[in-house]
Amino acid sequence: MAAHSTTSKAGRALSTRLDHRNPLVFDTHELGRRPGALQRLSRTVEAPKDLGIPEVIHVPEGRPVDIELRLESVMEGVLVTGTARASAEGECVRCLEPLQQDVEVDFQEMFSYPDTDDRGRRKAAADDDAEDDEDMIPLEDGMFDLEPLLRDAVVLALPMQPVCREDCPGLCSACGASLADDPDHHHDAVDIRWAALQGLAGTIQDGEKDNMSGTASDVQDAAEKQEK
């Protein structure tokens, strides 16, 4: 994997040294710094760690990612245009069931040729070009690391609130039952403002029943006395 030190735009980083053995590091030497030269590359790599939105939806580490690149040499450097395809997984925010989603992202980035002195060291940028320089990622020994660019593209493409389907009804807010499994599921709602009155009405009804029971017993006792 590439080692990183200084952070640049969009969360990307300037590499201190790139490892050509890293499958997400690409070499541009075949272009030969000839403006107009083209190179097309296809590569399947294993997804790096944390590719996506943590704890929401992501491409699991090690899952295949198919990458197609078009490298074009221009005066300033190498224009990289590409597409990546992978399968992400996460959890539906409504019903909490696991889900999978195919992801296809397009991206484009300019990697600049670094200005070097006679010892191969990069010259300090002029004040007028400082702002433009911050917007360009320099090639390192003719190589560039695609991982930061891929990561940014995937994060932007994935939904912040993934759902298993657009019309997912979710869970019952009262008991947590799946509404997709039981479309007719419901609870008799009671307005909390009437709950106390309903309790009082129940108490009154119980008292009336007790009174009626007592009255009937008194009548029966009186009748028995008269018979005697």
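In this chain, residues are counted from 1 in sequence order.
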So which atom in Leu18 and which in Glu140 form the shortest heavy-atom distance, rounded to 0.1 Å?
CD1-CB, 3.9 Å
Can you tell me if Arg33 uses its side chain to pair, donor with acceptor, with the backbone of Tyr113 under 3.5 Å?
no
Taking atom CG of Asp141 as the centre, report whether more than 12 heavy atoms of other residues, nucleotides or ligands fall under 6.0 Å from it.
no
With no hydrogens and no angle check, is any side-chain donor or acceptor of Asp27 less than 3.5 Å from a backbone partner on His29?
yes
Backbone N/O of Gly142 and side chain of Thr28: donor-acceptor pair under 3.5 Å:
yes
Less than 4.5 Å apart, any side-chain heavy atom of Glu147 and any of Pro48?
yes
Identified side chain to side chain contact (heavy atoms under 4.5 Å, CB included) partner of Leu158 from the options Leu51, Val105, Ile53:
Ile53
If you count the non-hydrogen atoms of other residues, nucleotides and ligands that lie under 6.0 Å from CD in Glu30, is the total more than 12?
no
Hey, are Arg70 and Glu72 close enough for a salt bridge, meaning a charged N less than 4.0 Å from a carboxylate O?
yes
What is the distance from atom CD of Gln39 to atom CZ of Phe26, rounded to the nearest 0.5 Å?
10.0 Å
Linking I/L/V/M/F/W/Y whenever their side-chain heavy atoms sit closer than 4.5 Å, directly or via other members, would Ile57 and Met160 fall into one cluster?
yes
Any non-hydrogen side-chain atom of Glu109 less than 4.5 Å from a side-chain atom of Ile137?
yes
Minimum heavy-atom distance between Ala84 and Leu150, given as atom pair plus value
CB-CD1, 3.5 Å
Donor-acceptor contact below 3.5 Å, side chain Arg43 vs main chain Pro23:
yes
Okay, side chain of Ser73, backbone of Arg34: is any donor-acceptor separation there less than 3.5 Å?
yes
Decide whether Leu149 and Leu69 are clustered together by the hydrophobic rule: side chain heavy atoms of Ile, Leu, Val, Met, Phe, Trp, Tyr closer than 4.5 Å, transitively.
yes
What is the minimum heavy-atom distance between Ala47 and Pro60, and which atoms define it?
CB-O, 3.4 Å
Are Val78 and Leu41 linked, directly or through intermediate hydrophobic residues, by side-chain heavy-atom contacts shorter than 4.5 Å (ILVMFWY only)?
yes
Before accepting this row, confirm whether a basic side-chain N of the pair Arg85/Glu104 lies closer than 4.0 Å to the acidic partner's carboxylate O.
yes
Do Val163 and Leu171 belong to the same hydrophobic cluster, where Ile, Leu, Val, Met, Phe, Trp and Tyr are linked whenever their side-chain heavy atoms lie under 4.5 Å apart, directly or via other members?
no
Of the options Asp152, Thr83, Leu146, which is the one that meets Phe107 in a side chain to side chain contact (heavy atoms under 4.5 Å, CB included)?
Leu146
Where Val155 and Gly52 come nearest, the two heavy atoms and their spacing:
CG2-O, 3.5 Å
Is there a donor-acceptor contact under 3.5 Å linking the side chains of Gln108 and Thr81?
yes
Any Lys/Arg nitrogen of Glu89 or Arg63 sitting under 4.0 Å from an Asp/Glu carboxylate oxygen of the other?
yes
Side-chain contact, heavy-atom cut-off 4.5 Å: Phe144 with Val25?
no
Same apolar cluster: Leu99 and Val154, side chain cutoff 4.5 Å
yes
For the residue pair Glu91 and Pro162, what are the closest heavy atoms and their distance?
O-CG, 3.6 Å
Arg94 (side chain) donor-acceptor with Cys164 (main chain) under 3.5 angstrom
no
Side chains of Leu24 and Asp145: closer than 4.5 Å at any heavy-atom pair?
yes
Heavy-atom closest contact (Ser87 atom, Gln100 atom, distance)
OG-OE1, 4.0 Å
